[in-house]
Amino acid sequence: RLGSDCAGIGSDFVSLKVSLGDELKVVRKFVAEMNATKLQWLQAIESHLGNSTPDVIYADVMNRDRAPDVDVMISGAPCPPFSSAGKGKAMADARGWLLLSSVKYAVMRKPPVLGLKNVKGLANVKNKWILKRIQRILKLAGYKCYCAVMDTKEHGIPQSRPRVYLIASLK
């Protein structure tokens, strides 16, 4: 059972589907995505791969407190608040709070696995306190956290996109 905040076109589902093959059925229980075009793509891709429409679709991550329980929760919260290419306002940018909404879901609903992805600027000197606070909150909620900056080009993708990946698993 998969849940996604800021789901985009559903690359999290595609990745799990490709990685797991037919060994384990991946069912998307909910998505939170405000961009209607991305949502259409997500639904078309998942339908092509044999998945039904998610049980629940939220247009607003901040208003999905009743989201169903999942086994894996993925969040690709907007990057501009933490990006050197953006204005870098961090939590002064309303989009920065979307990341914390995903953390709130994890603390409240306790999915066994949580994955957060964002630009490497989240780990820079200016924003590192946010990343550290997220890890502390998750640890207090019973999660073990693994966090690293990784570049996609080092993992077989022909594009350099350094990103912060935080994976939290219940102890």
Side-chain angles (χ1 to χ4, degrees), residues 1-16 28-42 45-46 54 56-141 143 145-152 157 159 161-169:
R1 299 174 303 159
L2 174 65
S4 302
D5 282 349
C6 308
I9 63 169
S11 59
D12 53 352
F13 172 80
V14 173
S15 297
L16 286 171
R28 188 179 305 270
K29 299 304 286 180
F30 74 87
V31 297
E33 177 56 59
M34 65 182 285
N35 183 306
T37 303
K38 287 180 182 177
L39 195 53
Q40 287 176 331
W41 274 101
L42 177 145
I45 290 168
E46 290 192 16
V56 187
I57 299 171
Y58 300 94
D60 185 354
V61 173
M62 302 300 279
N63 291 315
R64 55 119 190 78
D65 287 341
R66 293 189 185 117
D69 289 336
V70 296
D71 301 305
V72 178
M73 168 67 175
I74 304 291
S75 176
C79 298
F82 312 106
S83 174
S84 60
K87 294 183 180 174
K89 291 184 175 182
M91 303 315 287
D93 181 330
R95 296 170 294 182
W97 290 94
L98 298 178
L99 182 60
L100 296 182
S101 181
S102 301
V103 173
K104 178 183 173 186
Y105 174 89
V107 169
M108 292 175 59
R109 303 307 283 273
K110 300 280 200 254
V113 177
L114 170 68
L116 305 175
K117 175 200 71 79
N118 213 285
V119 292
K120 70 177 181 177
L122 182 59
N124 72 16
V125 173
K126 179 182 173 187
N127 298 319
K128 194 169 192 144
W129 69 272
I130 299 165
L131 188 57
K132 292 292 183 193
R133 176 99 20 112
I134 288 169
Q135 290 178 64
R136 180 168 164 69
I137 290 167
L138 291 170
K139 285 177 184 176
L140 289 172
Y143 285 91
C145 297
Y146 305 89
C147 188
V149 175
M150 295 188 285
D151 194 332
T152 55
I157 298 171
Q159 181 182 33
R161 290 180 62 91
R163 295 289 183 263
V164 169
Y165 294 93
L166 186 147
I167 303 297
S169 62

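- Put simply, the side chain of E33 gets close to the backbone of A7: a donor and an acceptor are under 3.5 Å apart.
- For the atom pair F13 CZ and E46 CD, the distance stands at 4.5 Å (nearest 0.5 Å).
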Can you give the donor-acceptor pairs under 3.5 Å from side chains of residues 128-138 to other protein atoms, not counting sequence neighbours?
from : atom 1 : to   : atom 2 : distance (Å)
W129 : NE1    : K126 : O      : 3.4

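- With sequence neighbours excluded, no residue forms a side chain to side chain contact (heavy atoms under 4.5 Å, CB included) with S11.
- Listed by first and then second residue, the side-chain hydrogen bond (donor to acceptor under 3.5 Å, both in side chains) pairs involving residues 78-88 amount to none (not counting sequence neighbours).
- When side chains are defined from C-beta on, L2 counts as touching S4, because their heavy atoms get closer than 4.5 Å.
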For residues 95-102, please give each side-chain donor-acceptor pair under 3.5 Å, one per line with the distance, not counting sequence neighbours.
from : atom 1 : to  : atom 2 : distance (Å)
R95  : NE     : D93 : OD1    : 3.2
R95  : NE     : D93 : OD2    : 3.3
R95  : NH2    : D93 : OD2    : 2.7
W97  : NE1    : M91 : O      : 2.9
S101 : OG     : V61 : O      : 3.3
S102 : OG     : D5  : OD2    : 2.7
S102 : OG     : S75 : OG     : 2.8

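- What you find for V31 and P54 is that their closest heavy atoms are CG1-CG, 4.0 Å.
- Evaluation of the side chain to side chain contact (heavy atoms under 4.5 Å, CB included) rule for T37 yields N35, W41 as partners, not counting sequence neighbours.
- Residues that satisfy the side chain to side chain contact (heavy atoms under 4.5 Å, CB included) test with S15, not counting sequence neighbours, are absent from this structure.
- Pairs engaging residues 96-108 under the salt bridge (charged side-chain N to carboxylate O under 4.0 Å, His left out) rule: D65-K104 [sequence neighbours left out].
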For a quick test of your reading: what N or O donor-acceptor pairs under 3.5 Å do the side chains of residues 109-117 make, sequence neighbours left out?
from : atom 1 : to   : atom 2 : distance (Å)
R109 : NE     : D69  : OD1    : 2.9
R109 : NH1    : A67  : O      : 2.6
R109 : NH2    : A67  : O      : 3.1
R109 : NH2    : D69  : OD1    : 2.9
K110 : NZ     : V107 : O      : 3.3
K110 : NZ     : A141 : O      : 3.1

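- Within a 6.0 Å sphere centred on CE of M34, other residues, nucleotides and ligands contribute 12 heavy atoms or fewer.
- Note: N118 CG to R163 CZ = 8.0 Å, rounded to the nearest 0.5 Å.
- By the 4.5 Å heavy-atom criterion applied to side chains, R64 and V56 are not counted as neighbours.
- Partners of K120 according to the side chain to side chain contact (heavy atoms under 4.5 Å, CB included) rule, which considers only residues two or more places apart in sequence or in another chain, are V149, P162.
- Residues passing the ring-ring contact (aromatic ring centres under 6.0 Å, His included) test with Y105 are F30, sequence neighbours excluded.
- Taking the salt bridge (charged side-chain N to carboxylate O under 4.0 Å, His left out) definition, one finds that D71 meets it with R1, sequence neighbours left out.
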